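Source: prediction; values computed, not measured. Atoms within each ligand, like the ligands themselves, are counted from 1 in listed order.
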Amino acid sequence: MTDLEGRVALVTGGARGLGEAYVRSLHAAGARVVIADLLEEEGAALAAELGEQAVFQALDVTDEAAWDRVVAASVAAFGSLDVLVNNAGIANAAPIEHLTLAKWDAVIAVNLTGVFLGCRAVVPQMKAQGSGSIINISSVEGMRGSPGLHGYTASKFGVRGLSQSLAVELGASGIRVNSVHPGLILTDMTTRIDPARIDIPLGRPGVPDDVAGTIVFLASDASRFTSGAEFVVDGGMIA
Ligand code: NAD
């Protein structure tokens, strides 16, 4: 049931970190994948490694016009668009008195507006197909707050809320929308966090492959009756 043969999946921020793990796992499950990222060299190299079942598209998720181009190119390359993983994200941190408007705007633009633009761009194609799975990457910071992460936390709560409203609106069109909430995962984004200072019941921080199984599940028919759901993947961190 997690066979993705014949499905086409677009992963934003797919060139490295968690997004790269999602790309590799979706590809391994049989999907054709579109890797969309700012990182042109890394994204193109990953697509070349995966072969003809993968393409790279340069994308800044905050660029409204670029989204239409990338969706059109994905459909032109592979004939459909069945799965969107809105994964691209950035983080910044500052106590509230030192949180500049520029920092706030930057994190909201990528993490929340980028997800809105992605969802809006794929819906016409998914409606025409009568099916689709949109997987929005939030965070445990979309379930509870942490000091210093105000813009990030607001953006991730926003992604969770947007996923809920879309799930309700798009269900009748056969489109499922779910949010995924990873805990501490070792990537370039988290190099400055000391895992020893965080209580994780499973006893270790996560690696990108720890989240990829949930993505494959949500992309596949194994989750065909799942929409508007929130998947916390954090080793028990916020339990
Ligand atoms: P990362 O920094 O390793 O990778 C982020 C990717 O997004 C990069 O490839 C980057 O080029 C791309 N990206 C950034 N801005 C972009 C833009 N404007 N347009 C297109 N691509 C852009 O980070 P990661 O840890 O792999 O995080 C991936 C996602 O998972 C993010 O949304 C992050 O908030 C979320 N997340 C990460 C953790 C964690 O512990 N690492 C935990 C919870 C949620």
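Scanning the protein for heavy atoms near atom 36 (N) of ligand 1, the closest one is Tyr152 OH, 3.6 Å. Of all protein heavy atoms, the one closest to atom 25 (O) of ligand 1 is Thr187 OG1, 2.5 Å.
Between Asp60 and ligand 1, at least one pair of N/O atoms sits closer than 3.5 Å.
With a 4.0 Å heavy-atom cut-off, ligand 1 is reached by the side chain of Thr190 but not by its N, CA, C or O. At a heavy-atom distance under 4.0 Å, no atom of Ala91 approaches ligand 1. By the criterion of a heavy-atom distance under 4.0 Å, the side chain of Lys156, and not its backbone, is placed next to ligand 1.
Residue contact annotation: Thr12 has no non-hydrogen atom under 4.0 Å from ligand 1. No heavy atom of Pro205 sits closer than 4.0 Å to any atom of ligand 1. Residue-ligand proximity: Gly43 is placed with every non-hydrogen atom at 4.0 Å or more from ligand 1.
Nearest-residue assignment for atom 14 (C) of ligand 1 (options Pro182, Gly13, Gly89; heavy-atom criterion): Gly89. Among Leu38, Ile185, Asp37, the residue whose heavy atom lies nearest to atom 10 (C) of ligand 1 is Asp37. Taking only non-hydrogen atoms, the option from Gly183, Gly17, Ser139 nearest to atom 42 (C) of ligand 1 is Gly183.
Salt bridge Arg7/Asp221: present, at least one basic N to carboxylate O contact under 4.0 Å.
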